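Since the structure comes first, as structure tokens, the remarks are kept for the end.
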Amino acid sequence: MTNISQPLIEWYSRNKRDLPWRETKKPYNIWVSEIILQQTRVNQGIDYYYRFIKKYPDLKSLASTHIDELLKVWQGLGYYSRARNMHHTAQYLVNKNKGVFYSNYDDLIKLKGIGDYTASAIASISFNQATPVLDGNVYRVIARVYGIAESTQVKSGINKFKEILNKLIAHKNPGDFNQAIMEFGALQCVPKNPDCENCIIKSVCFAYNKGLISDLPVKKQKVKQKVRYFNYLHIIYNDNTFIEKRTEKDIWNSLYQFPLIETKKEYSLIELQKNKDWLQIFETLNLNIEKEVFTKKHILSHQVLVACFYKIRIIQTTDFLINNYQSIPLAKLDIYSIPRLIEEYLEHINK
DNA sequence: GAACCGTGGGC
DNA sequence: TGCCCAAGGTT
């Protein structure tokens, strides 16, 4: 087995991008960057990293913030459990570890929101531990170079990749090796149409020499998307509107939204007005519903939301609204963390 | 271990 | 347009 460690580290030193989290090895900063970058492209994460570090420069400041304020910083990034877990972990470390970050893989992986990848990344970059990372980039590079057709969706596959990585990782600078192979996967050994002719390790690459670049790595089976129908009620009462915090074990947990009526199929306004949830909310109120509605097909990783927004003016409120929703001034809406879908609705009506 | 959790860019 | 997929983790 040809060891590609040294060529990759040299390639990295010449080609690495200038990224803000590469200016430090402080475990807090590395942690923040690694969580932000989970399933997220670098370009999407950079601004979030700057804002996050500026507002929360250390564990203490993060631990003492309110989760709603943190989620507002996270708004638009997706996978909001990442922010909730970070908040929990910051408070845990401040309360139980004097605000000092854990400094080795075995301790790091015990923390909420930190799995094998993130524990390995922090341990190697911040503490020089030889713990190889296995992310989507590494999976692709190793599968192609060494011709591994096993999937990381099963434990045996993960072990196979880890075994190879443990032989490759540079013990002198494991953090550089980990970042090098990830950067190589992100810039050179890309998923589609990689520029193999200009690759420094093409001569030892199994997939290149066998013409199997498009067959490796073995692709994950894609999940089918469930379709849901969301009818949002943007209710205006004087200068107030009604919102609620999502608390179910579902999408957008802990984010805010307008009163929602979810239906089994697409409903017209006429049909919706006969719905029992609608009748419960409005009782026998006189409604002034604006003609223009906003519709959007919102795509999530596992769901398609067919959304319809109605702007409804009322001159009198109902017990149900008061008891089940927060009434807030219209102008205060933007301090709450809301899903991208609702943000798009607000952008639409404010045009 | 399969299902679930967001969003946006590229083609 | 629809599909892929991106520095994953939890349940």
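Remember, predicted model here, so these are calculated numbers, not experimental data. All chains are named by letter (A, B, ...) in the order of the sequence lines, taking the proteins before the strands, and each is independently numbered beginning at 1.
- Here A:Lys311 does not pair with A:Glu292 in a salt bridge; the nearest charged N to carboxylate O distance is not below 4.0 Å.
- Going from atom CD1 of A:Ile114 over to atom P of C:dT10 covers 9 Å, rounded to whole Å.
- Ring geometry, A:Phe294 versus A:Phe309: the interplanar angle falls from 30° to 60°, so the pair is classed tilted.
- Rounding to whole angstrom units, CG of residue A:Leu37 and P of C:dA6 are separated by 13 Å.
- Across B:dG9 and C:dG9, the matching P atoms stand 24 Å from one another, rounded to whole Å.
- Not counting sequence neighbours, the partners of A:Ala143 by the side chain to side chain contact (heavy atoms under 4.5 Å, CB included) test are A:Phe161, A:Pro217.
- For the C1' atom pair drawn from C:dA6 and B:dG6, the interatomic distance equals 12 Å after rounding to whole Å.
- Listed by first and then second residue, the salt bridge (charged side-chain N to carboxylate O under 4.0 Å, His left out) pairs involving residues 160-180 of chain A are A:Asp116-A:Lys162 (not counting sequence neighbours).
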TODO: Summarise protein proximity over nucleotides 3-11 of chain B in one line of letters, 5' to 3': B for base, S for sugar-phosphate only, - for none, counting protein heavy atoms closer than 4.0 Å.
DONE: -BBBBBB--
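- Annotation: proximity of residues 153-180 of chain A to DNA chain C (heavy atom, distance under 4.0 Å) is found for no residue.
- Among residues at least two apart or in separate chains, there is no salt bridge (charged side-chain N to carboxylate O under 4.0 Å, His left out) pair with a member in residues 71-96 of chain A.
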TODO: Walk me through it: do A:Tyr310 and A:His234 pass the test ring pair (Phe, Tyr, Trp, His ring centres under 6.0 Å)?
DONE: CA-CA 6 Å; A:Tyr310 297 95; A:His234 183 201; over 10 Å; no
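- Here the P atom of nucleotide C:dG8 and the CE atom of A:Met86 are 15 Å apart, to the nearest Å.
- We find that NZ of A:Lys219 is positioned 10 Å from P of C:dC4, with the value rounded to whole Å.
- In A:Ile349, the CD1 atom is crowded: over 12 heavy atoms of neighbouring residues, nucleotides or ligands sit closer than 6.0 Å.
- Rounded to whole Å, the C1' atom of C:dA7 lies 23 Å from the corresponding atom of B:dA3.
- Screening residues 25-42 of chain A for salt bridge (charged side-chain N to carboxylate O under 4.0 Å, His left out) gives no qualifying pairs among residues at least two apart or on separate chains.
- A search for ring-ring contact (aromatic ring centres under 6.0 Å, His included) contacts involving A:Tyr79 returns nothing, not counting sequence neighbours.
- A:Val133 is listed as a side-chain neighbour of A:Val138, based on a closest heavy-atom distance under 4.5 Å.
- Contact check on A:Asp195 versus A:Lys202 returns no salt bridge, with no Lys/Arg side-chain nitrogen under 4.0 Å from an Asp/Glu carboxylate oxygen.
- Apart from A:Val304 itself, the hydrophobic cluster it occupies contains A:Val227, A:Tyr229, A:Ile299, A:Val306, where clustering links Ile, Leu, Val, Met, Phe, Trp and Tyr at side-chain heavy-atom distances under 4.5 Å.
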Between side-chain atoms of residues 207-215 of chain A and protein atoms elsewhere (two or more places apart, or another chain), which donor-acceptor pairs fall under 3.5 Å?
residue	atom	partner	partner atom	Å
A:Tyr208	OH	A:Glu197	OE1	3.3
A:Tyr208	OH	A:Glu197	OE2	3.1

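- Note on A:Lys112: only backbone sugar-phosphate atoms sit closer than 4.0 angstrom, heavy atoms only; bases stay farther off.
- For the contact set between residues 2-33 of chain A and DNA chain B, defined by any heavy atom under 4.0 Å, there are no members.
- Rounded to whole angstrom, the span from the CG atom of A:Asp116 across to the P atom of C:dG9 amounts to 7 Å.
- Contacts between residues 131-149 of chain A and DNA chain C, defined by a heavy-atom separation below 4.0 Å, involve A:Asp135, A:Gly136, A:Asn137, A:Arg140, listed by number.
- The interatomic distance linking A:Ile35 (CD1) with C:dG9 (P) rounds to 7 Å, in whole Å.
- For the salt bridge (charged side-chain N to carboxylate O under 4.0 Å, His left out) condition, the pairs that include at least one residue of residues 269-286 of chain A, sequence neighbours left out, are A:Lys265-A:Glu271.
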